[in-house]
Peer 1: 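Right, I'll just put the structure down here and ask away after.
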Amino acid sequence: MLLGVNIDHVATLRNARGENYPSVIEAAKICLAAGANGITAHLREDRRHILDEDIYALKFDLKCRLNMEMAATDEMQKIALKILPDSCCIVPEKRKEITTEGGLDVASNPEHYAEFVKPLIDAGINVSLFIDPSKKQISAASDIGVKYVELHTGAYARAFGNKTEQKEFDAIKQATALGHLLDLNVNAGHGLNYDNVHRMNEIDNLHELNIGHSIISRALFVGLDNAVKEMLELVNKN
Ligand code: PXP
């Protein structure tokens, strides 16, 4: 299983003081040197953490394997077509949310999403849709022609250690199996941390995990290099 490190919260810390440190690019370099398979960054409409110049620097200066998270807006589509990241993960975005709260409802709006992703796919970007682990959403994503989905693991993460953990885990496992059957590359992420991530190893055919907040938080105590290495060990433990 691959690990993409989401570095949004390095930018959160930087922006909190309006300084130019900590450097998002330096953080990305450390993550990659520690063994991360790629860097994920979410360019939000309100630019609360990652800024346009960060995305440009990740792509054109660092030239890393970049997964750009973005809302399905004309503005973001234009930026993605200019930058051509390796992959784009389309996420729902609400201004007031603290973090991405749920998956896209592709099943209710297939034409809208099909039209939105087409120019991105035509430009050679691996487009992924961030969806809840439901069969309905997996099938809808497959029908509109994307080759990647990312399953929202937030419900599992919140349920971890509680009596609904198994139900939420099973939903991810079944959605992954269906995605694999439909020839989709299935990624997962959101809320995964050093306690709950190990169960992702029980799921066959998960392609990549995107993890941010827990790694950047752990880095405060053990350093970013160690935080990434510790997570990699858990992600690849079978
Ligand atoms: N995947 C997606 C699509 C996300 O929106 C986020 C949060 O930005 C993550 C993964 C990472 O979530 P976390 O920061 O909780 O690890």
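Below, all heavy atoms of this structure are taken into account, side chains as well, without hydrogens, waters or symmetry copies. Numbering of ligands and ligand atoms starts at 1, following listing order.
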Peer 1: With only distance considered, is Gly212 within less than 3.5 Å of ligand 1 through an N or O on each side?
Peer 2: yes

Peer 1: Does Glu75 have any side-chain hydrogen bond (donor to acceptor under 3.5 Å, both in side chains) partners at least two apart in sequence or in another chain, and if so, which?
Peer 2: Arg47

Peer 1: Would you say the side-chain atoms of Asn6 and Thr40 include a donor-acceptor pair closer than 3.5 Å?
Peer 2: no

Peer 1: Ligand 1 and Gly191, any nitrogen or oxygen pair closer than 3.5 angstrom?
Peer 2: yes

Peer 1: Check the side chains of Asn205 and Thr176 for a donor-acceptor pair under 3.5 angstrom, ignoring hydrogens and angles.
Peer 2: no

Peer 1: Decide side chain to side chain contact (heavy atoms under 4.5 Å, CB included) for Ile50 and Glu69; before the verdict, give the C-alpha distance in whole Å, the side-chain angles of both, and the deciding distance to 0.1 Å.
Peer 2: CA-CA 10 Å; Ile50 293 294; Glu69 287 179 10; over 6 Å; no

Peer 1: Considering distance alone, does some N or O of Glu150 sit under 3.5 Å from an N or O of ligand 1?
Peer 2: yes

Peer 1: What part of Asp8, side chain from CB on, backbone N/CA/C/O, both or neither, has a heavy atom under 4.0 Å from ligand 1?
Peer 2: side chain

Peer 1: Can an N or O of Asn210 be found at a distance shorter than 3.5 Å from an N or O of ligand 1?
Peer 2: no

Peer 1: Give the atom numbers and elements of ligand 1 that come within less than 4.0 Å of a heavy atom of Val91.
Peer 2: 3 (C)

Peer 1: Give the contacting part of Glu69 toward ligand 1: side chain, backbone, both or neither, where contact means a heavy-atom distance below 4.0 Å.
Peer 2: side chain

Peer 1: For residues 126-138, tabulate all N or O donor-acceptor pairs below 3.5 Å that involve a side-chain atom, not counting sequence neighbours.
Peer 2:
| unit_1 | atom_1 | unit_2 | atom_2 | d |
| --- | --- | --- | --- | --- |
| Ser128 | OG | Glu150 | N | 3.4 |
| Asp132 | OD1 | Gly103 | N | 3.1 |
| Ser134 | OG | Gln137 | N | 3.1 |
| Gln137 | OE1 | Val106 | N | 2.9 |
| Gln137 | OE1 | Ala107 | N | 3.0 |
| Gln137 | NE2 | Asp105 | OD1 | 2.9 |

Peer 1: Shortest non-hydrogen contact from Leu184 to Ser142?
Peer 2: CD1-CB, 4.1 Å

Peer 1: Of all the atoms in ligand 1, which lie at a distance below 4.0 Å from a heavy atom belonging to His213?
Peer 2: 13 (P), 14 (O), 16 (O)

